[in-house]
Amino acid sequence: AMQIWKITGLVLAGIYVFAAFIGLVADFDRTRDTVIWVAVLGGGAVLVLLGQHFFRAYPWRSAVLVSVGAAAGALVLFWAILVPLAAAAVIALSVGLARQAPSATA
């Protein structure tokens, strides 16, 4: 499950970065739309990657970061059916793995 979570999260973050880049070259009506598009997708990608990076030390915080990042990008790309499905899978795996992780001593 951990390997699937890592690969799916990396692919999802890659899709978000690619879509953010497309948003930079797309012809949006307003600059504000471009900024929102890039910020949400870029931020989602960063949160997914940060969450995966910190999983060993902070499993629940990691699950929150990954979930917020995956959901943010999925909301923007809701029209692409596979992206929200992949985001839901990453969120479910994040929570499931965090539940199985041994609790860290503070």
Side-chain angles (χ1 to χ4, degrees):
M2 178 68 81
Q3 194 68 19
I4 293 170
W5 175 67
K6 284 183 179 183
I7 291 170
T8 308
L10 288 173
V11 169
L12 195 61
I15 290 170
Y16 291 173
V17 168
F18 180 73
F21 177 74
I22 295 299
L24 285 174
V25 297
D27 188 24
F28 284 111
D29 292 335
R30 298 182 215 158
T31 304
R32 176 184 58 120
D33 296 339
T34 303
V35 170
I36 291 171
W37 179 270
V38 172
V40 170
L41 287 170
V46 167
L47 288 176
V48 168
L49 294 174
L50 278 175
Q52 286 191 335
H53 178 73
F54 290 116
F55 181 78
R56 297 265 185 240
Y58 309 104
W60 280 107
R61 291 178 190 164
S62 168
V64 169
L65 286 174
V66 170
S67 298
V68 170
L75 286 175
V76 174
L77 298 175
F78 69 92
W79 48 268
I81 300 299
L82 292 179
V83 173
L85 290 175
V90 168
I91 291 169
L93 284 169
S94 295
V95 172
L97 290 170
R99 293 180 103 195
Q100 292 176 357
S103 61
T105 56

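Please read all numbers here as calculations on a predicted model, not as lab measurements.
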Let me check something: any side-chain donor-acceptor pairs from residues 67-81 under 3.5 Å, sequence neighbours excluded? List them with distances.
from  : atom 1 : to    : atom 2 : distance (Å)
Ser67 : OG     : Ala63 : O      : 2.7

Assigning hydrophobic clusters by single linkage (Ile, Leu, Val, Met, Phe, Trp, Tyr; side-chain heavy-atom cutoff under 4.5 Å), is [X] placed with [Y]?
X: Met2; Y: Trp60; answer: no
X: Val11; Y: Leu97; answer: yes
X: Val83; Y: Val48; answer: no
X: Leu47; Y: Val64; answer: yes
X: Leu85; Y: Leu93; answer: no

ILVMFWY cluster membership beyond Leu49 - transitive side-chain contacts under 4.5 angstrom: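 Cluster partners of Leu49: Leu10.
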
Answer yes or no: is there a side-chain heavy-atom contact under 4.5 Å between [X] and [Y]?
X: Val66; Y: Ile91; result: no
X: Phe55; Y: Lys6; result: no
X: Phe21; Y: Val38; result: no

Closest heavy-atom pair and its distance - [X], [Y]:
X: Thr34; Y: Gly23; answer: CG2-O, 3.6 Å
X: Val90; Y: Gly9; answer: CG2-N, 3.9 Å
X: Ala98; Y: Pro59; answer: CB-O, 3.6 Å
X: Ala87; Y: Tyr16; answer: CB-OH, 4.0 Å

Between atom CZ of Arg61 and atom CG of Leu50, what is the distance when rounded to the nearest 0.5 Å?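 Answer rounded to 0.5 Å: 13.5 Å.
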
Are there over 12 heavy-atom neighbours, none belonging to Ile4, within less than 6.0 Å of that residue's CD1? no

Tell me which pairs pass side-chain hydrogen bond (donor to acceptor under 3.5 Å, both in side chains) where either residue lies in residues 81-94, with sequence neighbours left out.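 Of all non-adjacent pairs touching residues 81-94, those that pass side-chain hydrogen bond (donor to acceptor under 3.5 Å, both in side chains) are Trp5-Ser94.
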
Counting N and O atoms only, with roles assigned by atom type, does the side chain of Trp37 sit under 3.5 Å from a partner on the main chain of Ile22, one being a donor and the other an acceptor?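 No.
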
